[in-house]
Amino acid sequence: MIRGKPDEDDYWNSSKFKAFTFDDEDDDFTRLKESKRAVNSIRSLVEEEDEEDDVEKVSWSGEPVGSISWSVKETASSIRSTGEVRDQSFPKIHTAPSLPKNSSGYSLSSLFKGKAKTGSFQSFSESFGDPSIRNYAPELRKPKSEYKDYVSDWTPEETVKRMQQGKVYSLEKFRSLQDKLLLLDEAVNAHDGNIITAVLIYLKKSLSKEILFRELITRETALRHYIHYLKEIGEQKLLVELFKSLDRTEDMALMQYRDHLNIRDENRRRDFLKNCLSLPFAPDDATHVQDHYTLLERQIIIEANDKQVESSGQADIFKKYPRKASILNMPIITTLYYSCFYHYGESDGTYSSPANIRKTFRISDKQFLLTCLGARAKLKAWFDVDALFTTKNWLGYTKKRSPIGFHRIVDILQKNNAPVQVLQDYINLVEDAEQKISLAQKYKCHDVIINTYRDLKDRQQLIVYRGKVERGSPEYRKIEEILSNSQIRWKN
């Protein structure tokens, strides 16, 4: 259906439709409503004329699709595009896909209806909503201020500040020795151990150990951090080399001696300790290493012998008190306790003798007494306990003496369930009267309390204590006898 010229003029000049102007003072909402009404009116007109899709297709230039002029232009366009691809001297990169014009299936009616004919392309709204279609819009460049954290041309001072602030930093740019040392000095001046350690780790990776050791000699703070770091990560060999280069032979020897902790086999550990005896230790450390070697050597001998005796059943002590653990690698005091428990009374010439161990390892009298007392009291060997404290003078008289207070001995005996008579004997050896009475009351040694009040001639305290014991008991009768004794001169 074709309109006449007068009808077209009446249509476009009718007051029902208003043309868009930039000078329109109406608000955006009003213009939007007018545009929508105009599009709906055009769509209704097109639908009336194209009810059976009998609409002539036109290209984007306005020429009918399939006409001679359209075919000529399309052929020329395809020839030019082919020539550009084949031109190897000036290659071009196409950044956006091109839609072939000859496959366009859009018509004016389909555009206004928002749909495509069967077998044609998707509508514009469907195409824009398709996530599979790439977005070829150029990415805008970020402002320069956003790239400042990724610039790596910082000075050593700036780098250390960024490390303190927790920002992004890079140590790889410091390639020369001078720059690396400046970075280390700045880290030391910052007084931050974490930063110093981080810089030292980078220097350890990027410098040879000889150069690093040489530079650390004059930097005591950095050197201490580096030594601590190597100890934490277990770099024993590198530590030994460091101490050797610093002429710290004693520290080097101690680090080598520390390697014995990694040896599980006792015989190999003993041989290792034997080799350590030739290292340049300090005098006190050399004595310690010698004692360690001697103790382990003796423990190996005692362990092998006791294991054989225990398995054969020859000794009653092992039957009554079976061994619960091996003596190997035990401390010297534990070894002495073991010897006092299983080998008490042996001659001084044997390795397992308590006296031999005491003499070889220079154990003090106080330590020997406490250890031996604990072992013999555990076995309820009260005769051996008495023998520990009994001494003779030059006239042949015996007397009990102790390098430690008898009140401590009483506590040890009570913990090992000593009988009351044994406790009373040692409580009576306490010199302080108040402490003696306190211990006697604590462990219910009535005879000690009664005798002490009698010696103090304290009649009142004795009468008070009589009221605390059971009437008719031996303690009660003893108090009555003392109170009725006319020969005692009471002080109250």
Side-chain angles (χ1 to χ4, degrees), residues 320-321 333 336-337 340-341 344-345 354 363-492:
K320 191 174 182 180
Y321 301 98
I333 298 302
L336 177 62
Y337 183 92
C340 292
F341 195 94
Y344 192 78
I363 299 175
S364 64
D365 294 341
K366 184 183 295 186
Q367 187 67 67
F368 178 80
L369 181 65
L370 289 172
T371 306
C372 193
L373 174 63
R376 302 317 294 172
K378 187 74 174 179
L379 292 171
K380 307 294 188 293
W382 308 122
F383 178 81
D384 294 338
V385 171
D386 287 340
L388 289 172
F389 304 101
T390 303
T391 59
K392 288 184 179 182
N393 60 13
W394 60 280
L395 294 176
Y397 294 103
T398 60
K399 186 178 180 179
K400 289 182 178 180
R401 294 184 178 181
S402 172
I404 59 177
F406 280 104
H407 63 282
R408 294 184 61 187
I409 296 173
V410 172
D411 291 337
I412 295 174
L413 294 175
Q414 194 277 332
K415 289 178 181 178
N416 288 278
N417 302 317
V420 175
Q421 185 59 45
V422 175
L423 290 177
Q424 288 184 162
D425 291 343
Y426 286 93
I427 291 175
N428 283 324
L429 294 175
V430 178
E431 296 180 357
D432 185 74
E434 293 184 1
Q435 190 176 29
K436 182 189 298 185
I437 293 173
S438 177
L439 286 172
Q441 291 176 345
K442 181 179 180 180
Y443 300 125
K444 298 180 180 181
C445 298
H446 302 292
D447 287 345
V448 175
I449 299 173
I450 295 171
N451 294 333
T452 303
Y453 285 144
R454 181 197 62 189
D455 296 340
L456 294 174
K457 298 180 175 57
D458 193 338
R459 181 184 178 88
Q460 297 299 326
Q461 290 293 336
L462 197 58
I463 293 174
V464 172
Y465 193 73
R466 182 182 60 179
K468 296 180 180 180
V469 299
E470 185 180 356
R471 181 180 292 272
S473 64
E475 294 82 9
Y476 186 88
R477 292 195 299 269
K478 184 176 182 178
I479 294 175
E480 288 290 333
E481 292 176 2
I482 294 174
L483 291 175
S484 62
N485 190 346
S486 59
Q487 297 181 356
I488 300 176
R489 296 182 178 181
W490 303 101
K491 68 178 183 179
N492 52 20

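What you see below is based on every heavy atom in this structure, not just the backbone, and it leaves out hydrogens, waters and symmetry mates.
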State, to 0.1 Å, how close [X] and [Y] come at their nearest heavy-atom pair, and which atoms those are.
X	Y	answer
Asn485	Gln487	OD1-N, 3.0 Å
Lys366	Pro403	CE-O, 3.9 Å
Phe368	Pro354	CE1-O, 3.9 Å
Phe406	Arg401	CZ-C, 4.0 Å
Ile449	Ala440	CG1-CB, 3.4 Å

Who pairs with [X] by side-chain contact (heavy atoms from CB on, under 4.5 Å), at least two apart in sequence or on another chain?
X	result
Asn416	Ala377, Lys378, Ile412
Leu483	Arg459, Leu462, Ile463, Arg466, Ile479, Trp490
Asn417	Lys380

Do [X] and [Y] make a side-chain contact, defined as non-hydrogen atoms from C-beta onward lying under 4.5 Å apart?
X	Y	value
Arg376	Tyr344	yes
Gln424	Asp447	yes
Val448	Leu423	no
Gln367	Thr371	yes
Cys372	Tyr337	no
Phe389	Ile409	yes
Leu370	Arg408	yes
Val420	Lys444	no

Do Tyr465 and Asp458 pair up side chain to side chain, a donor and an acceptor below 3.5 Å, judged on atom types alone?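 Note: Tyr465 and Asp458 side chains miss the donor-acceptor criterion.
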Distance only, no hydrogens: is a donor on one side chain within 3.5 Å (strictly under) of an acceptor on the other, for Asp386 and Tyr426?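 Yes, side-chain donor-acceptor contact under 3.5 Å.
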Could Lys400 and Asp425 be called an ion pair, given the rule that one side-chain N must be under 4.0 Å from one carboxylate O? no
Taking atom NZ of Lys491 as the centre, does the number of heavy atoms from other residues, nucleotides or ligands within less than 6.0 Å exceed 12?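 Count over threshold, so yes.
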Roughly how far apart are Lys436 NZ and Glu434 CD, rounded to 0.5 Å?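 Here the rounded value is 12.0 Å.
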